[in-house]
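Below is one structure, written out as structure tokens; the observations come after it.
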Amino acid sequence: MTDEATASPLELDEAAFEELVVDELDALPDEMVEGLENVVFVTEARPDDGSLDLLGLYEGTALTDRGQYGFGELPDRIILYREPLLAISADLDELRDQIHVTLVHEIAHFYGIDDDELHRLGWA
């Protein structure tokens with residue numbers, strides 16, 4: 001019998017985690033991803049502060065805040081943090097769900113949807 005408190009956390013190397021992220025990104029509705037322009041998706045082990053509190057991050061200028069935007073702009077980035085996502089997931093199914101929710105959350109920021117609205121919609 002395994003005590004949940006002493007069970008080892010879910011482990012996944014960087015390549016396997018990245019593959020899950022790509023699979024979940026591919027599974028998102030076309031309407032959600034077709035409008036993503038000049039955005040790259042990356043995975044990192046942890047946020048810069050080393051915490052496990054942040055699951056993902058959108059770095060860029062939301063679509064609703066763009067004025068003169070276009071040629072020559074560096075791409076926006078959506079980052080998913082492997083270790084925090086693993087830390088809150090009991091198994092691969094839960095990890096897939098957490099990756100899905102995090103992708104939707106960060107993509108919503110690209111479209112200009114803030115945390116308050118995401119919370120209201122159940123995505124925060």
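Excluded from the calculations below are hydrogen atoms, water molecules and symmetry mates; all remaining heavy atoms, backbone and side chain alike, are included.
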Non-hydrogen atoms of Leu52 and Ala87 that approach each other most closely: CD1-CB, 4.3 Å
Residues Asp115 and His105: side-chain donor-acceptor under 3.5 angstrom: yes
same_hphob_cluster(Val33, Val42) at 4.5 Å side-chain heavy-atom cutoff: no
Heavy atoms from other residues, nucleotides or ligands near CD of Glu19 exceed 12 (cutoff 6.0 Å): no
Single-linkage hydrophobic cluster Leu103~Leu121, side-chain heavy atoms < 4.5 angstrom: yes
Distance, nearest 0.5 Å, that separates CD1 of Ile88 from CD of Gln98: 3.5 Å
Leu95 and Phe17, any side-chain heavy atoms less than 4.5 Å apart: yes
Side-chain (Tyr111) to main-chain (Thr64) donor-acceptor, under 3.5 angstrom: no
Backbone N/O of His100 and side chain of Glu24: donor-acceptor pair under 3.5 Å: no
Cluster link Leu28 to Leu85, ILVMFWY, side chain under 4.5 Å: yes
Pro75 side chain near Val39 side chain, heavy-atom distance below 4.5 Å: no
Path from Leu36 to Val40 over hydrophobic side-chain contacts below 4.5 Å: no
Candidate pair Arg96 and Asp23, rule side-chain contact (heavy atoms from CB on, under 4.5 Å), full reasoning: CA-CA 9 Å; Arg96 283 185 188 94; Asp23 289 348; 6.0 Å; no
Chi angles and distances behind the side-chain contact (heavy atoms from CB on, under 4.5 Å) call for Tyr81, Thr43: CA-CA 6 Å; Tyr81 296 110; Thr43 62; over 6 Å; no
Glu44 CD to Glu14 CD distance, which is reported to the nearest 0.5 Å: 9.5 Å
For the student: nearest non-hydrogen atoms of Asp114 and Glu117, plus distance: OD1-N, 2.9 Å
Short N-O contact, Glu106 and Arg77, less than 4.0 angstrom: no
Shortest non-hydrogen separation from Leu54 to Pro47 and the atoms involved: CB-CG, 3.7 Å
Test side-chain contact (heavy atoms from CB on, under 4.5 Å) applied to Leu12 and Leu20, step by step: CA-CA 10 Å; Leu12 216 59; Leu20 279 180; 3.4 Å; yes
Distance, nearest 0.5 Å, that separates CG of Asp30 from CD of Glu34: 5.0 Å
Heavy-atom neighbours of Asp48 CG exceed 12 at 6.0 Å: no
Cluster check Ile99, Leu57: I/L/V/M/F/W/Y, side chain < 4.5 angstrom: no
side-chain contact (heavy atoms from CB on, under 4.5 Å) evaluation trace for Val104 with Met32: CA-CA 8 Å; Val104 169; Met32 183 179 292; 4.0 Å; yes
Separation of Phe41 CZ from Ile107 CD1 (nearest 0.5 Å): 4.0 Å
Point-to-point distance, once rounded to the nearest 0.5 Å, from NE2 of His109 to CG of Leu63: 14.5 Å
Minimum-distance pair of heavy atoms, taken over all atoms of Gly112 and Ala62: CA-CB, 3.8 Å
Nearest-0.5 Å distance that lies between atom CG in Leu80 and atom CG in Leu25: 9.0 Å
